[in-house]
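Inspection log for the structure reproduced underneath, given as C-alpha cells.
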Amino acid sequence: LAMAISSRLPAPCYLLMATLMLLIIQAQSITRHYDFNVQTANVTRLCASKSIVTVNGEYPGPTLVAREGDRVLVRVTNHVAHNMTLHWHGIRQLRSGWADGPAYVTQCPIQTGQSYVYNFTVTGQRGTLWWHAHISWLRATVYGAIVILPKLGVPYPFVAPHKEIPVLFGEWWRADTEALVSQALRTGGAPNISDAFTINGLPGPLYNCCAKDTFKLKVEPGKIYLLRLINAALNDELFFSVANHTLTIVEVDAVYVKPFTVKTLIISPGQTTNVLLTAKPFYPKANFYMSAAPYSVIRPGTFDNTTVAGILEYHNPHSASESSFDKDLPLFKPTLPRFNDTGLVTNFTSKLRSLATPQYPATVPQSVDKRFFFTVGLGTRPCPVNATCQGPTNTTQLAAAINNISLVLPSTALLQSHFTGKSRGVYGSNFPVMPLSQFNYTGVSPNNTNVATGTKLLVLPFNATVELVMQDTSILGIESHPLHLHGFNFFVVGQRFGNYDPVNDPMRFNLVDPVERNTVNVPAGGWVAIRFLADNPVVWFMHCHLEVHTTWGLRMAWLVLDGSLPNQKLLPPPSDLPKC
Ligand SMILES: *[C@@H]1O[C@H](CO)[C@@H](O)[C@H](O)[C@H]1NC(C)=O
Ligand SMILES: *[C@@H]1O[C@H](CO)[C@@H](O)[C@H](O)[C@H]1NC(C)=O
Ligand SMILES: *[C@@H]1O[C@H](CO)[C@@H](O)[C@H](O)[C@H]1NC(C)=O
Ligand SMILES: *[C@@H]1O[C@H](CO)[C@@H](O)[C@H](O)[C@H]1NC(C)=O
Ligand SMILES: *[C@@H]1O[C@H](CO)[C@@H](O)[C@H](O)[C@H]1NC(C)=O
Ligand SMILES: *[C@@H]1O[C@H](CO)[C@@H](O)[C@H](O)[C@H]1NC(C)=O
Ligand SMILES: *[C@@H]1O[C@H](CO)[C@@H](O)[C@H](O)[C@H]1NC(C)=O
Ligand SMILES: *[C@@H]1O[C@H](CO)[C@@H](O)[C@H](O)[C@H]1NC(C)=O
Ligand SMILES: *[C@@H]1O[C@H](CO)[C@@H](O)[C@H](O)[C@H]1NC(C)=O
Ligand SMILES: *[C@@H]1O[C@H](CO)[C@@H](O)[C@H](O)[C@H]1NC(C)=O
Ligand SMILES: *[C@@H]1O[C@H](CO)[C@@H](O)[C@H](O)[C@H]1NC(C)=O
Ligand SMILES: *[C@@H]1O[C@H](CO)[C@@H](O)[C@H](O)[C@H]1NC(C)=O
Ligand SMILES: [Cu+2]
C-alpha cells in the first residue's frame with residue numbers, strides 16, 4: 001500500500017510516510033503463537049539409544065522468539081505418560097501468575113492427553129531467558145531458549161553482532177532420570193550423578209564415541225558473535241571458556257550489564273549470560289575447543305566432573321578449500337580452572353554490575369519495608385519406621401531446607417487454593433522470617449541435622465520493598481546454591497563469606513549499580529543479600545536451581561497480596577487451567 005501511494009506522491013511525502021510507518025511498527029506489539037507438543041523421541045548419545053521426553057521431538061526444544069512488548073501464547077499438549085508443566089524462566093509474568101508453570105505452585109499438571117495455553121506478555125525485558133519443564137526432573141530433556149529482541153528500532157547498547165547463537169548447556173544420564181529420581185526419593189540417598197554434559201544437546205569429542213555429536217560454531221574472521229549462554233544443567237554450575245579467545249559479558253538474566261572481558265566465565269543452573277565473541281581478524285589455520293566443566297566445593301566423586309567441548313571453526317568466505325573442519329589443523333584447548341576454584345567465581349561475580357544508565361536504570365529499592373533472613377542448606381529427615389535409608393546414616397534420608405523448613409508440595413496448586421479461598425488445609429501463612437534456632441551457620445554443624453517439613457507461605461503486602469539475606473549453612477557441608485525467584489528480578493546488593501553481620505555488612509551494600517537478575521548463588525559458606533519490589537501478585541516459588549536440592553526441599557513460596565487498584569490484581573484464571 002505504501003509503495004502504491006508513494007509512487008503518486010512527491011519525495012518529501014514519501015519520506016514522511018516511511019517515518020510514520022516506522023513509528024507505527026515500533027508501537028505495535030504482536031501476538032506470537034507457538035504449538036508445543038510434549039512427545040517422546042529416541043535419541044542416541046554416548047553410544048546408546050534412549051527414549052526421552054521432548055517438545056516437538058526436538059532436543060533441546062524449540063527456541064521461542066519474541067520482541068519486548070509482545071504477547072506469547074504457547075499451546076502445550078501432553079502426549080506422554082508423565083504429567084507436565086512448563087516454566088518460562090525469568091519472564092516476569094506481571095499479573096499472569098497462572099502462566100508461570102511450577103507444578104502444584106501456580107498450576108496443576110497438564111495430564112496425559114490434555115492441553116493448556118500459556119498466555120503472557122514480555123514486559124520491560126530483553127535478552128536471553130529460557131523455558132523448561134517444572135515438574136520432577138523432566139527438565140533434563142525438556143528445555144529451550146527464549147530470545148527476547150529489543151523493541152523495533154532500539155539497538156543493543158553494544159556493537160551489533162554479525163550473528164546470534166543460543167548455546168545451551170545440558171546434562172545427560174544414560175539412565176532414565178525419572179526412574180533415577182524416584183529411586184533416590186525411596187532410598188533417601190543421593191541420585192546418581194550424570195554421565196555427560198552437553199552443548200546444544202551434544203556431548204562432544206571428549207566422551208567416548210561422541211565425536212560426531214559435537215556442537216560446531218562456525219565463524220568468519222573479524223566478525224562479532226553474540227552467544228546466548230544458558231545453563232540448563234540440572235545440578236552443576238559450569239565454567240566456560242573458548243581456547244585463544246576472550247568473552248565480553250554484556251547481559252545476564254535478560255538485563256544488560258556493564259561490559260567486561262574474561263577468559264573464563266561461570267554460569268549456574270537457571271542463569272543466562274550473553275557474551276560477545278570476536279573472531280580473530282585473519283583465518284587462524286587452527287580450530288579451538290569451547291569447553292565447560294563444573295565448579296563445585298563438594299567431595300570429588302559426588303558430582304559429574306567431566307568436560308563438554310564444542311568446536312569453534314573458522315570459515316574463510318574467500319576460500320572454499322578452507323571452509324570446513326580440517327582434522328589436520330592444530331586444535332587448541334582452553335585451560336579450565338580447577339573444579340573448586342572459588343576465587344575465580346568470586347572474582348567473576350564481583351564484576352557483574354547493572355548498566356545503570358538513564359535508558360536502562362538500576363531501580364534498586366533504597367529503603368526497605370520488609371527484612372528477612374533465610375538459612376539455605378542441606379539436612380536430614382528420619383528414615384521411615386522399619387525402612388533402611390541411604391542418607392548420611394542408615395537411619396536418615398537426605399533433605400534440604402530454607403529456614404529449616406523443607407517445603408512439601410500440596411496435591412493441589414497453591415495459587416488455585418489461594419484464589420478460590422480454599423487455602424485451609426493446603427498451606428499456612430506463617431513461613432518464618434528468620435531461622436527459629438540461631439547457630440554459627442558456617443562453623444561446626446549442629447548435632448541435630450534434622451529439618452522440619454511443611455507447606456508455609458511468606459505473605460508480603462503489595463509493592464513492599466524487600467531485603468532478603470540468604471545464608472548458606474555448613475550442615476552436611478557447605479555448598480553454593482543458585483537460588484531462583486519466580487515472578488521478579490532482584491538486585492544483588494551484597495555478598496561475602498562467613499556469617500552475615502547485620503551491623504557492618506549493610507554498610508558495604510551496593511545500592512547504585514548492583515546486578516539485576518532472577519537467579520543468584522548463595523556462596524558456599526557465605527551469604528548473599530538481594531532487594532526487590534513486591535509489585536507482582538500473587539504466589540511465587542523460590543528454590544535452589546540445583547534440581548537435587550529442590551527435590552530434597554530447598555524451596556519456599558511467597559504470597560504477594562493484590563494491590564488496591566484494579567491493575568494491581570492477579571487476572572482471573574484461564575478457562576483451560578488444568579485441574580488436579
Ligand atoms: C523408540 O524406539 C522404541 C524401541 O526401538 C520404539 O518402540 C519406539 O516406537 C520409538 N519411539 C519413537 C518416538 O520413535
Ligand atoms: C490472554 O490473556 C489476555 C489477558 O488476560 C486475554 O485478554 C486474552 O484473551 C488471552 N488470550 C487467550 C488466547 O487466552
Ligand atoms: C593459542 O594459544 C596458545 C597458548 O595458549 C598459543 O601457543 C597458540 O599460538 C595460540 N594459537 C592461535 C592460533 O592463536
Ligand atoms: C573425576 O572424579 C573422579 C572420581 O573422584 C576422579 O577419579 C577423576 O580423576 C576426576 N577427573 C577429573 C578430570 O577431575
Ligand atoms: C581443591 O581441591 C584440591 C583437590 O581435591 C585440594 O587439594 C585443594 O585444597 C582444593 N582447594 C580449595 C580452595 O579448596
Ligand atoms: C582475582 O582478581 C584479582 C584482580 O583482578 C587477581 O589478582 C587474582 O589473581 C584473581 N584471583 C583468582 C583466583 O582468579
Ligand atoms: C515394623 O516391624 C515390626 C516387626 O516386624 C512390626 O511389628 C511393626 O508393625 C512394623 N511397623 C511399621 C510401622 O511398619
Ligand atoms: C545401620 O548402621 C549401623 C551402624 O553403622 C549398623 O550397626 C546396622 O547394622 C545398620 N543397619 C542396617 C539395617 O543396615
Ligand atoms: C564460627 O565458626 C567459624 C569456623 O569454625 C569460626 O571461625 C568463627 O569464629 C565462628 N564464629 C563465631 C561467632 O563463633
Ligand atoms: C554435639 O554432641 C557432642 C557430644 O555428643 C557435644 O559434646 C557437643 O557439644 C554437641 N555439639 C553441639 C553444637 O551441640
Ligand atoms: C511502589 O513502590 C515504589 C517504590 O517504593 C514506588 O515508586 C511506586 O510508586 C509504588 N507503586 C505503587 C503502585 O504503589
Ligand atoms: C498427574 O497429576 C494428577 C493431578 O495432580 C495426579 O492425580 C496424578 O497422580 C498424576 N499422575 C502421575 C502419573 O504422576
Ligand atoms: Cu526456574
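Order of listing sets the numbers, starting from 1, for every ligand and every atom in it. Not measured: the values here are computed from a predicted model.
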Nearest protein heavy-atom contact for atom 1 (C) of ligand 5: which residue, which atom, what distance?
Asn340 ND2, 1.4 Å
Among Ile530, Val255, Leu355, Val492, find the residue that satisfies the side-chain contact (heavy atoms from CB on, under 4.5 Å) test when tested with Glu516.
Val255
Could you check atom 6 (C) of ligand 7 against the protein and tell me its nearest heavy-atom contact, residue, atom and distance included?
Asn386 ND2, 3.9 Å
In this structure, atom 5 (O) of ligand 5 is nearest to the protein heavy atom Phe339 CZ, 3.9 Å
Any side-chain donor near an acceptor of the partner, Thr375 and Tyr441, under 3.5 Å:
no
Would a search of protein heavy atoms around atom 11 (N) of ligand 5 find one under 4.0 Å away?
yes
Please check if any side-chain donor atom of Trp130 sits under 3.5 Å from a side-chain acceptor atom of Thr272, or the reverse.
no
Does the side chain of His543 come under 3.5 Å of the side chain of His549 through a donor N or O and an acceptor N or O?
no
How far is atom 13 (C) of ligand 8 from the closest protein heavy atom, and which atom is that?
Thr388 OG1, 3.7 Å
What's the shortest distance from atom 7 (O) of ligand 5 to any protein heavy atom, and which residue and atom give it?
Arg338 NH2, 4.0 Å
Modelled atom types, side-chain donor and acceptor of Ser474 and Thr442, under 3.5 Å:
no
Can you confirm whether the side chains of Ser194 and Glu171 place a donor and an acceptor under 3.5 Å from each other?
yes
Considering only protein heavy atoms, which is closest to atom 14 (O) of ligand 8, and at what distance to one decimal place?
Asn394 ND2, 3.3 Å
